[in-house]
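Notes follow the structure.
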Amino acid sequence: MLSSWRRTREDQHVKERVAAVFSDCMLPFTASTALHVVTFGIGASPFTNIEAVRLFCRNACISVLFNYLYILTFYGSNLVFAGYLENNYRHSLFCRRVPKPELLQQKPAWYRFLMYTHYNEEATEAGPLRAYESHLLVAFMKRYYCDWITNTYVKPFVVLFYLVYVSFALMGYLQVSEGSDLSNVVATETSTIAYTRAQQRYFSSYSPVIGFYIYESIEYWNTSVQEDLLEYTKGFERISWFESYLNYLHGLNITTSLSCSNFTERLRSGFLRQPRYVHFSDDIIFAKRADGEFDVVASRMFLVAKTTENKREEMSILLDTLRKLSLTSRVKFIIFNPSFVYMDRYASSVGAPLKNSCIAAIFLLFFSTFLAADPLVNAWLTVTVASVEFGLVGFMTLWRVELDCVSVLCLIYGVNYAVDSSAPLVSAFALGRESTRTRWVKLALERHGVPALQSYLCYGAALLPLAAVPSNLTRTLFRCLFLTAIITAFHCLAILPVLLTFLPPSKKKRRERKNAAENREEIECVEMVDSTRVVDQITTV
């Protein structure tokens with residue numbers, strides 16, 4: 001909006017200037033807002049199975065709507081106010097009338113520094129536009145960058161650089177892993193991180209200690225039940241009162257298939273009284289029955305599994321296997337470790353948001369077909385979004401960012417960001433007439449390149465403070481959003497301008513079609529002058 005405002009003439013009435021700005025910017029801004037609301041609305045819907053994602057998307061929808069109302073009302077009112085200040089040659093901050101240059105030279109240096117502005121009594125159409133084009137970024141884009149990026153000798157290197165980009169993105173894409181590490185959700189310099197690093201360094205070949213809890217009374221003295229329990233825990237490193245008690249009975253040459261009362265009495269009075277077994281007292285809960293006998297109503301054991309390099313995948317498989325076994329076995333047990341909370345969370349939170357991001361992308365591209373003036377605009381947007389998302393996943397992995405709920409949210413946001421950034425450039429090129437491809441690429445860059453570049457610079461500057469926050473989640477957010485901005489800027493300012501110079505849409509057919517239409521119109525005019533009869537024949541045709 002600021003770029004469009006600076007392209008208007010200062011001698012125009014303020015209403016005309018504001019109308020020109022709104023007619024130029026509000027339609028794409030409205031479409032962009034609608035796309036953001038739709039895609040974040042899908043994330044806030046019941047399709048998403050994690051509450052953090054729903055809260056984020058819900059707040060994002062509210063923020064986008066508030067931003068739209070802010071631009072439509074308060075920001076537009078500020079433009080009107082600034083227009084009246086410019087018409088009256090008043091300073092935009094101090095609202096004081098700026099003296100003419102000859103009077104301003106008589107003021108002190110600090111006054112000249114604060115009150116300097118472009119002063120032109122006879123405002124013409126070329127004056128404000130010349131002032132706009134003298135802006136550093138506008139002059140750089142128009143005089144240097146547009147000619148350089150469309151140079152015949154530069155294009156092969158840009159295409160080669162894009163192939164390198166795709167290669168590295170593919171290398172990262174093949175290494176994508178889901179994030180279920182506890183250290184990713186806590187602050188960086190904490191004892192939890194120190195413990196996690198030590199555990200990964202020295203005990204990475206072992207799983208976390210898994211609690212095996214039997215939560216109902218079973219027949220521990222029964223031989224078949226004993227065999228089932230030993231079978232369930234086979235293959236683990238075990239800290240088990242049950243196995244130690246059976247070995248204790250074997251050491252005394254006593255059979256393990258005792259009666260209920262004998263099994264429980266020897267457990268309470270003999271086994272748990274031994275100094276080396278007394279620590280198992282906390283693992284067994286006894287209850288007194290109505291007949292005065294004691295019974296084991298609940299107990300626990302601890303299991304540790306041997307793992308290889310693919311520890312996370314093996315733990316997920318082991319967790320699923322034991323949980324399925326707990327549902328089908330006759331011994332009712334549950335397994336638990338605090339890290340299972342995060343494994344469950346990410347197992348459920350990565351798949352659904354990825355599916356929702358695909359749904360959002362498909363709906364977004366389908367919705368954009370009704371907003372795009374040319375079908376090829378939608379095709380280019382599809383290709384650009386796919387390329388940006390593919391590169392984002394790949395480089396995100398190379399930067400040691402795993403697929404967790406934060407990175408998946410950034411992937412959903414990257415769809416909107418890519419469309420929002422590339423749509424004005426592609427639309428301006430596709431709707432161009434009467435010039436070559438290269439000429440319209442330059443015009444599209446001159447018109448939309450500078451606002452896009454300013455947006456990227458402001459966006460990157462706003463993200464920099466996130467890099468200093470001592471939190472892995474915030475650091476993940478910074479890396480994902482920073483990569484989104486860099487990759488999108490690379491596509492909009494380098495890849496698209498080069499590819500559009502030799503790929504469809506073609507300008508030659510449109511010029512020929514327009515020339516043919518003009519020639520046909522001239523012939524009809526000639527025939528109409530010559531004879532009324534011919535006019536009737538043309539009308540019939």
Side-chain angles (χ1 to χ4, degrees), residues 1-3 28-29 32-33 35-36 39-40 43 56-57 60 63-64 67 136-137 140-141 145 149 158 161-162 164-166 168-169 172-173 353 357 360-361 364 380-426 444-445 447-469 471-499:
M1 289 185 76
L2 283 177
S3 176
F29 183 62
S32 173
T33 301
L35 294 178
H36 278 80
T39 49
F40 282 121
F56 176 85
C57 293
S63 301
V64 168
N67 180 61
L136 178 62
L137 291 179
F140 169 76
M141 186 69 68
Y145 185 78
I149 198 65
V158 175
F161 191 69
Y162 179 70
V164 173
Y165 158 83
V166 172
F168 277 93
Y173 186 81
S357 64
L364 183 149
W380 275 108
L381 290 180
T382 305
V383 173
T384 303
V385 168
S387 180
V388 169
E389 290 290 293
F390 178 71
L392 181 57
V393 173
F395 284 92
M396 185 177 68
T397 305
L398 294 179
W399 205 356
R400 294 182 298 178
V401 175
E402 298 177 323
L403 272 182
D404 53 18
C405 60
V406 175
S407 57
V408 171
L409 282 173
C410 293
L411 289 176
I412 298 174
Y413 173 74
V415 175
N416 277 328
Y417 192 82
V419 172
D420 201 16
S421 301
S422 59
L425 182 71
V426 177
L445 278 176
R447 186 174 182 83
H448 300 288
V450 175
L453 183 59
Q454 290 174 330
S455 175
Y456 297 140
L457 293 176
C458 294
Y459 189 71
L463 288 177
L464 286 179
L466 294 179
V469 178
S471 170
N472 286 311
L473 281 179
T474 309
R475 195 165 295 171
T476 299
L477 181 68
F478 163 75
R479 291 179 177 181
C480 294
L481 294 182
F482 188 76
L483 283 175
T484 301
I486 292 294
I487 294 174
T488 305
F490 172 64
H491 279 76
C492 293
L493 299 179
I495 299 302
L496 281 176
V498 170
L499 295 182

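Note that the structure is predicted; figures quoted are calculated from it, not measured. The analysis underlying the following values was restricted to heavy atoms, covering all of them including side chains, and did not include hydrogens, waters or symmetry mates. Note that the numbering runs from 1 along the sequence shown for the chain.
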Which atom of [X] lies closest to which atom of [Y], heavy atoms considered:
X      : Y      : result
Val498 : Ile149 : CG2-O, 3.6 Å
Asp420 : His36  : OD2-CE1, 4.1 Å
Phe478 : Leu466 : CB-CB, 3.8 Å
Arg479 : Arg400 : NH1-O, 4.1 Å
Ala461 : Pro465 : O-CD, 3.4 Å
Ala494 : Val158 : O-CG1, 3.8 Å

Mind checking what makes side chain to side chain donor-acceptor pair (under 3.5 Å) contact with [X], not counting sequence neighbours?
X      : result
Tyr162 : Ser387
Thr474 : none
Ser407 : Asp404

Just so I know, are the side chains of [X] and [Y] near enough to count as touching, which here means a heavy-atom distance under 4.5 Å?
X      : Y      : answer
Phe490 : Ile495 : yes
Ser422 : Leu381 : yes
Val401 : Cys480 : yes
Leu425 : Trp380 : no
Phe482 : Trp399 : yes
Leu392 : Glu389 : yes
Leu481 : Tyr417 : no

Looking at [atom1] of [X] and [atom2] of [Y], how far apart are the two atoms once the value is rounded to the nearest 0.5 Å?
X      : Y      : atom1 : atom2 : answer
Phe395 : Thr484 : CZ    : OG1   : 12.5 Å
Tyr459 : Ile486 : OH    : CD1   : 11.0 Å
Cys492 : Ile487 : SG    : CD1   : 12.0 Å
Leu493 : Met141 : CG    : CE    : 5.5 Å
Phe390 : Tyr165 : CZ    : OH    : 8.0 Å
Tyr173 : Leu398 : OH    : CG    : 13.5 Å

Take atom OH of Tyr456 as the centre, draw a 6.0 Å sphere, and report whether it contains more than 12 heavy atoms from other residues, nucleotides or ligands.
yes
With no hydrogens and no angle check, is any side-chain donor or acceptor of Ser455 less than 3.5 Å from a backbone partner on Pro451?
no
Yes or no on side chain to side chain contact (heavy atoms under 4.5 Å, CB included) for Cys410 and Leu477, after CA distance, side-chain angles and deciding distance?
CA-CA 7 Å; Cys410 293; Leu477 181 68; 3.7 Å; yes
With under 30° as parallel and over 60° as perpendicular, where do the rings of Tyr145 and Phe140 fit, or are they tilted in between?
tilted
